[in-house]
Each structure stands twice: as C-alpha cells, then as structure tokens.
Amino acid sequence: MMVRTPWLVAVSLILAGHASVLPAQETSNQAEAAAQLSAESVAKSIGRAEAARYQAAELRVEWLETGSLIEQARKEAGLGHYEKAMALADKARQQGELAVEQYEREAEAWQQRVVR
Amino acid sequence: MASKIKVKVKLKGDVAEVKSLMLHPMETGARKDPDTGATIPAHHITELTFSNNGKTVMTVHCSTAVSRDPYFSFSFSGAKAGDTLAVRWVDNTGESDTVETVLG
Amino acid sequence: MQLSRRLFVRGSIALAALWAMPRALLAGAWPDKAFASSAASEAMTELFGADQATDSSAISLTAPEIAENGAVVPITVETTLENVQSVSIVVEKNPRPLAVSFEIPPGTLPDVACRIKMGQTSQVMAVVKTDSGLFSAAKEVKVTIGGCGG
Amino acid sequence: MHRLALACLAVALSVTARADPEQDREAFRAYFLQRFPDVPVAEYVNGIYAIDDKARAQWQEIEAFPPYEFAVEQGEALFGQPFANGRGYADCFENGGIGVRQHFPRFDLERGEVVTLELALNLCRMDNGESPYPYESDDLIALSAYMAWTSRGETIDVKVPDDPRALAAYEDGKRFYYSKRGQLNFACSDCHVTSAGSWVRADHLSASLGHPSHFPVYRSKLGEMISLHSRFYGCIRDVRARPLDEQSEEYRNLEYFLTYMSNGLEVNGPGARK
C-alpha cells in the first residue's frame, strides 16, 4: 500500500525539464547573437510571452511561474541584461504555449481517466 | 471570545484527567515574515499553572518548542466534583490568560 | 527563592556548591538558562545539575516514529517510578534542546502529554527526576519535509 | 449507412458517459473499495488517515483536543448574532441552518449555478443588507466550521436536479477533476485516484472518496483554519498551475462533483490536518 512511486517524480522532472530553457544550454553562437540583442527585440519577445500567457489565462490554465518569469524578464531588460531577459521571456512564452497545448490535449484526453 | 483557554476534565473516582488547549502563536523568534522579511519576535508562553481549589497541581515550563496553540494533558488525584480548577498562563511579553472550570 | 537564583545567575564561583542543585525547582521560576542552552547536556546541567540520567524501562515515552508534521509532534510520557518531581522533554537536535518541563507536585500523576516542534530528525528524551535521581527514556523521531500537505 | 450507425452509437455512448452522476459515483466508490479492501467505506471521511496507520495515530492525538474547537465556538457566536435588520443566518437556511451541511453544495435553479455553503452564507448576508465576507475571512470559515459541526453524522446528500444546467455544472467539475494542468501535468485524479496511498516526497496521497466531508480543517502547518477551496488552491499551486480564486465557478463545480462522489458518507467536519 505504501509504495513509493518514482515515476511520479520522474514524470515531473521530465516535464519540468522540457519546459525550461536553461542558460547553460546556450552555445557560443547564441552568445554572439545575444550581443546584438536590442532593447527593442527584447521588448518584442516579452510582448510575445505576455500574449501567450494571456491566451492561457483566458482558458484558465495558466502555469504558476509564467507571470513572474515575465516580470523578471522586464526587470532584467530594464537593467540592460538583454540576454538574460530574452531567455526568461522565451521560457515564459514557451510555458504559455505549452499550457494552451495542454488544454487542447485535455479537451478529449480527460475522458480516458474517468473511473468507470 | 472570552478566554482563549479550553479545559476538559474527566473525573474517574478521585482522579481528574485534565486536557487543556490554548490559543497562542508560540513564535520562536527565528521565523521571518514572508511578506516583509522582518524577523517575527519571539512570543511564547513561559509558564502554565493548574491549581485545584487553590492548590497547584501542575506547573509547566515551556520553551518556544511547544507547538502553536499548545495542548497539555495530565492527571491528578484527590479531586472531587465541585472542585474549581484554574488554568493560567503567562508569556514572555507579560501577557496572561486564565480560565476556571468546576469539576463535574 | 528569587534571591538564591539571582545570586547564582551572577555566577559567583564561591557558590559552586550550589551547582549540583536543580535551580529551576529550587526557584520555581522559568529556567531561562536551561531553555537557552544549545546543547542537550548543557540544558540538563542547567536544569538538574547533572547531565547524566539512568536509562529506565519504567518510563514509557510515546512519540511517532515518523512525525507527520514537525510543527506538531504529539509526545506522551508515563512512568511507574515513584516520587516523581518533574518530567522534562529534551529534543537533542533542536536549536534549544529543552522543549518543556512539567513540575509534578505530590498527588499529581507522572503521566503527561503535549505537542512539540521539531526542526529535524532527532532523539527525543524524556527525563524524569525523582527523589532518587534522574532517569530517562529516548526514542528517535524522524522529521520529513516537503510534499503537498506539509 | 454503416457510418451513420457508428455515429449514432458514438452519440449514444457519449450521452451515457456524460449523463449519469449516480453511475459515476458507484464506479468511483467501487474503485476505492477494491483498491483498499481493508478500509471500511465509512472510514474514507478521514482522508489520508483512513489508509495510513502511523499518521492516523498522530491525528488521533490531535483530535483528542482539536484546535478547531475554537473556530466552532467562534462560529456559533457569529451565527447567533443578528444582522442590522434583526434577521439572522438561521432565517436563510432550512432547519434554521442546523444540521444542513450535507446538502451543500447545491444547484440553485433560480440562480442557475452551484451554491456552496460559503456562498450561501455570503448570499444570506447580502440579502439582509450586510457586506459579504472575503472568502479567506476567519469569520466565514468559523461559520462554516460551526455549521459542519452541527451536521456531524448526517449523510452527505448532494443532488443533481434534472436540469441541463445542473448536469453541465456537474460535468464541468468532473472535467476539471480529471484534466491535467500545470507544469507538472497532473490531474486531481492522478494523485488522488491513480496514486492514492503512494508517496509524493514526504507526503502520503489521500483518496478522493470522502475528501470534502471534513472541511473546513485546522492545518497544523499553518496554525489556522482553511476552507476546501483553499485546499484546492494549494493543490493547483502544487502542480505548478496558477490557482483560481476561492469560490470561482470552476472550484464550485469541482466541489459539486467531488461532494457528489462522496454521497452516502458522513459529514465529519471540521477536521484537523497536518
């Protein structure tokens, strides 16, 4: 009865990993590109993230951290840390998109889990 | 609410089984306010006394390691219906609370 | 009573003879030094004048094996020892190990329960003082952190 | 022709799948009874303590003198205080509000929505010219605790009236319950049906059967009383989704579905939890 379920943890980790864009994954090419980032392009990314978040929020399926990621992105952008701000905004946008995908998938998938 | 101490006594022969629960934050002084980050000062009951018809039947000395909304139970002999059991605590800020109950 | 305690607090070496006396019981006041001690043995010495207690099977200490919640750990201590003067609960790994001390006058039964906080997995010791010395029983209580409920 | 028959069959199937709360309830209950054959059905109202012996002993120590008694006392005092217009809570409920917890949440045909006990209390206040309580208010939770207390031992009896709106609300709660959400991609049912009895980090997962029977609860961790919707809020946050507000339509519908699943069990609120 009291069986540990590593799969629960494993699934969470996989999903958490899938949904994150880790700065460590950035290559030197990206670093070069980052040097060319402007306040304008960062603002655009933040705008896209905000739009994705909004779409998820409208469906009432927004993820927990998306809003604070955008907030952090704005803060970093304000400090001129464009690379950091971009990574945060992209992560937030991805979260917004994944939440909407999750919602669409669940439109039918939930039926499979009903106890019958 | 009047007193923030609740006490329940069961008489079994001349033995009184006493259970008592009181509302108190029992702050350790190590906790931080999650909003402001400021340390919440220690605020805890230091001494709790139970006396039956004026005679002390239990004194409890507490540290901050006593849980929030403290609970204590004990038993004493020589009790009878009609006795008055008084419970009183004082805390490190000098606040106190007291309640009396008649054994039934 | 208050006076003898004050004298003691001043720490006069001339009063070293008093060291062995249980100050808390002597004074009947809140044993601040014992409660402030950061080591179990120090707290014991402050409270009882000795840091050693004899293991006793006459003490029954009920505490959970795994605490459901470190903030509320129910503890019960009962003993068949006679002439009990106090029952104290010491949590070795708490920042201040002495958690609570019950002073038991004649006529009150040595059967007490309370709920305490534990910061981490630790030995929990019940120390019973009788007219013939200090006795103890101990048990490890595991404290786990995290999850949804905790 | 063949295709048409299949389509008809599909429609017929989806209608039966959607339209029978009672069938859902029987299946839900049977699932847990089969999963934990040693646990008597009446025990499920004790949540995790129905299936975890060690935690149960500690919970019983707390129940020996539970801190929620202060909330019950506070709730009773508030319940008896008349409004400015001289009327009181007792005037808003059947049987003067005593022993009625088991009928909540109910589908209000006039309002066309699910009315939980907390919402009913606030509607009562507003109907009598008082301002509603914020849903996290201690006073509102105390009132709810008192009303649960007076209903202890009553059998949970939530009804889905024969009205498409009521059925839709029930169905919406059911969909919410079984839908994955949040970054961790969990549905309520993933933890509290499929994995009930298993561990998540340091916690043992409770069974959903009986979940709503004991609210509001005193949370030792917080040192305060919380509502069922505050627990929903916590669970949703734990799967890393942004929680919805207490008494949102979604949470009310979820409570409706979840409580219907526990029909036949006893009200035993308020409760004590870690």
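It should be emphasised that the depicted structure is a prediction, and the values quoted were computed from it without experimental measurement.
Of all heavy-atom pairs spanning B:Thr64 and C:Lys117, the tightest one is O-NZ, 2.8 Å. Among all heavy-atom pairs drawn from B:Val66 and C:Ala99, the shortest one is CG2-O, 3.9 Å.
Residue contact with chain B, scored on non-hydrogen atoms closer than 4.5 Å, involves the backbone of C:Leu98 exclusively. In this structure, chain C has no heavy atom under 4.5 Å from any part of B:Val90. For chain C, no part of B:Lys19 is nearby; none of its heavy atoms comes within less than 4.5 Å. In this structure, the portion of C:Pro106 lying under 4.5 Å from any heavy atom of chain B is its backbone and not its side chain. Using a 4.5 Å cut-off between heavy atoms, C:Val87 does not touch chain B at all. At a 4.5 Å heavy-atom cutoff, the contact between C:Phe35 and chain B is made by side-chain atoms alone. If you measure heavy-atom distances from B:Ile45 to chain C, you find no contacts under 4.5 Å at all.
Among B:Ser75, B:Ala65, B:Ser77, B:Ser67, the residue making the largest number of heavy-atom pairs under 4.5 Å with chain C is B:Ser67. Note: C:Ser101 leads C:Pro110, C:Ser101, C:Cys114 in heavy-atom pairs under 4.5 Å with chain B. In terms of heavy-atom pairs under 4.5 angstrom with chain B, the leader among C:Ile104, C:Val73, C:Ile89, C:Val100 is C:Val100.
Residue B:Ser63 holds its OG atom at 8.5 Å from CD1 of C:Ile116, rounded to the nearest 0.5 Å.
Looking only at side-chain heavy atoms (C-beta outward), C:Glu103 and B:His61 come within less than 4.5 Å of each other. The shortest distance between side-chain heavy atoms of C:Arg96 and B:Thr28 does not fall below 4.5 Å. In this structure the side chain of B:Phe74 reaches within 4.5 angstrom of the side chain of C:Thr108, judged on heavy atoms.
In summary, of the residues considered (B:Thr59, B:Thr46, B:Asn92), a side-chain contact (heavy atoms from CB on, under 4.5 Å) with C:Trp30 occurs for B:Thr46 alone.
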(request) Take B:Met58 and C:Val112, measure what side chain to side chain contact (heavy atoms under 4.5 Å, CB included) needs, and give me the verdict at the end. (result) CA-CA 10 Å; B:Met58 172 62 78; C:Val112 298; 3.8 Å; yes

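Atom NZ of C:Lys142 sits in a sparse spot, with 12 or fewer heavy atoms from other residues, nucleotides or ligands closer than 6.0 Å. More than 12 non-hydrogen atoms from other residues, nucleotides or ligands lie less than 6.0 angstrom from NZ of B:Lys55.
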